[in-house]
Amino acid sequence: MKIVIVEDELLTRDLIKKICVCEFGHQVMAETSTASEAVTLITKLIPDVVILDLSLPGADGFEVIRQVPATLHTIQFLILSAHCEEYTAYRIEKARVRGFIDKGTNVVDSIGKALRALENRDVYFSSLFQRTRATSIINQSSFLKILSNQEMIVLSLVGRGLDDEEIGGILGITCRTVQTHRSNISHKLDLHDIKKLIIFSQQKGLASFPLYPARSMHLGYC
């Protein structure tokens with residue numbers, strides 16, 4: 001298979017390339033460390049597989065996937081990340097992703113299994129990913145079930161330590177609207193302290209990656 005590697009850590013990128021080429025005989029067409037260059041390379045080269053780290057400088061793997069035209073539907077995205085909290089797993093499931101590899105596992109073995117699965121037009125999701133998603137599905141009080149998408153976006157920004165005015169400016173909504181969302185979030189989660197909301201957001205993965213869907217919210221300004 002023809003592969004593009006998107007990973008900002010040089011040692012990890014070199015390891016992935018070695019695994020793909022030397023261990024499994026695939027062709028690495030290109031490699032990059034940035035999201036912007038990744039979109040250009042993927043669109044130009046149209047690889048079979050993109051091995052994509054979620055944590056990238058300036059943007060993230062979700063933004064890369066979002067910017068690759070949907071018409072290039074033959075491209076298979078294989079996510080590589082050290083993060084697999086509930087919201088991260090939720091976003092992966094909603095994205096155009098065919099597999100997830102946990103950086104905390106045996107990466108050589110996992111990449112081999114994942115590439116074999118994708119070569120057969122199958123999927124590969126690590127056991128950690130499957131456990132995380134199963135826990136969310138079983139838990140009827142999971143925040144994924146009780147918060148709206150807008151509330152999750154607001155909570156993600158709260159988790160980054162931003163105040164109401166800053167959140168309103170980013171989302172294009174009034175400070176009062178932000179306060180209403182935050183009040184509803186506190187009530188639904190039974191967390192009535194800003195520090196608890198921040199910790200919750202960070203623990204669940206809401207603050208791990210930028211939430212680009214927030215750009216579609218434009219209800220006025222602070």
Side-chain angles (χ1 to χ4, degrees), residues 1-70 72-85 87-133 160 202 205 207-212:
M1 292 189 296
K2 297 177 179 179
I3 297 172
V4 167
I5 301 171
V6 186
E7 164 63 61
D8 65 321
E9 295 180 0
L10 179 58
L11 291 177
T12 303
R13 192 166 68 244
D14 287 344
L15 174 61
I16 295 171
K17 182 177 181 179
K18 183 177 180 181
I19 294 170
C20 292
V21 176
C22 300
E23 295 289 333
F24 302 105
H26 298 293
Q27 176 188 351
V28 173
M29 305 175 75
E31 53 188 284
T32 182
S33 62
T34 67
S36 58
E37 188 177 12
V39 174
T40 300
L41 288 172
I42 294 167
T43 305
K44 178 182 178 181
L45 299 175
I46 313 181
D48 299 307
V49 176
V50 177
I51 298 179
L52 178 63
D53 187 11
L54 284 183
S55 300
L56 299 170
D60 64 21
F62 292 119
E63 178 69 353
V64 172
I65 296 172
R66 191 184 71 83
Q67 289 193 25
V68 172
L72 302 179
H73 54 82
T74 59
I75 298 174
Q76 302 182 89
F77 290 96
L78 176 59
I79 295 296
L80 181 72
S81 180
H83 296 278
C84 195
E85 302 91 348
Y87 195 67
T88 304
Y90 170 80
R91 292 189 72 194
I92 288 171
E93 186 178 54
K94 298 299 180 182
R96 296 158 53 192
V97 174
R98 300 287 294 174
F100 175 86
I101 293 174
D102 173 20
K103 280 187 174 181
T105 62
N106 184 329
V107 175
V108 176
D109 182 62
S110 296
I111 289 179
K113 290 178 179 177
L115 291 177
R116 282 193 292 272
L118 268 56
E119 198 167 20
N120 294 321
R121 309 306 294 182
D122 201 351
V123 298
Y124 176 88
F125 290 92
S126 73
S127 57
L128 174 60
F129 176 91
Q130 294 181 51
R131 288 196 303 270
T132 302
R133 285 300 293 135
R160 295 182 178 94
Q202 294 172 347
S208 296
F209 307 104
L211 288 173
Y212 291 93

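Numbers here are sequence positions counted from 1.
The list of side-chain hydrogen bond (donor to acceptor under 3.5 Å, both in side chains) pairs with a residue in residues 108-118, not counting sequence neighbours, reads Thr105-Ser110, Asp109-Lys113. For residues 35-49, the set of pairs meeting the side-chain hydrogen bond (donor to acceptor under 3.5 Å, both in side chains) definition, not counting sequence neighbours, comprises Thr32-Glu37. Screening residues 118-133 for salt bridge (Lys or Arg N to Asp or Glu O under 4.0 Å), with sequence neighbours left out, gives Glu93-Arg133. Residue pairs meeting the ring pair (Phe, Tyr, Trp, His ring centres under 6.0 Å) criterion with at least one member in residues 90-122, sequence neighbours excluded, are Tyr87-Tyr90, Phe100-Phe129.
The heavy-atom pair separating Cys20 from Ile51 by the smallest distance is SG-CD1, 3.7 Å. Nearest heavy atoms, Ile92 versus Phe125: CG2-CE2, 4.1 Å. Between Val123 and Ala117, the closest heavy-atom pair is O-CB, 3.7 Å. Residue Pro69 comes nearest to Arg96 through the heavy atom pair O-NH2, 3.5 Å, listed as atom of the first residue, atom of the second, then distance. The shortest non-hydrogen separation linking Val97 to Gly99 is CG1-O, 3.1 Å. Residues Leu54 and Asp60 come closest through the heavy atom pair O-CB, 3.0 Å.
Taking Lys18 as the reference, Cys22 meet the side-chain contact (heavy atoms from CB on, under 4.5 Å) condition, with sequence neighbours excluded.
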Apply side-chain contact (heavy atoms from CB on, under 4.5 Å) to residues Ile65 and Ile79 and explain how you reach the verdict.
CA-CA 10 Å; Ile65 296 172; Ile79 295 296; 4.1 Å; yes

Ignoring hydrogens and angles, write down the donor-acceptor pairs under 3.5 Å from the side chains of residues 5-13, residues two or more places apart or on other chains.
{"from": "Glu7", "atom 1": "OE1", "to": "Lys103", "atom 2": "NZ", "distance (Å)": "3.2"}
{"from": "Glu7", "atom 1": "OE2", "to": "Glu9", "atom 2": "N", "distance (Å)": "2.9"}
{"from": "Glu9", "atom 1": "OE1", "to": "Thr12", "atom 2": "OG1", "distance (Å)": "3.0"}
{"from": "Arg13", "atom 1": "NE", "to": "Glu31", "atom 2": "OE1", "distance (Å)": "3.1"}
{"from": "Arg13", "atom 1": "NH1", "to": "Glu7", "atom 2": "O", "distance (Å)": "2.7"}

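Here the CG atom belonging to Leu128 is positioned 4.0 Å from the SG atom belonging to Cys84, to the nearest 0.5 angstrom. To the nearest 0.5 Å, the span separating OG1 on Thr74 from CD1 on Ile46 amounts to 7.0 Å. Considering CD1 of Ile3 and CG of Leu118, their distance stands at 9.0 Å, rounded to 0.5 Å. Rounded to the nearest 0.5 angstrom, Met29 CE and Leu45 CG are separated by 4.5 Å.
Between Tyr124 and Leu115, every side-chain heavy-atom pair lies at or beyond the 4.5 Å cut-off.
For the pairing with Val50, the side-chain contact (heavy atoms from CB on, under 4.5 Å) check across Val64, Val68, Ile75 returns one residue only, Ile75.
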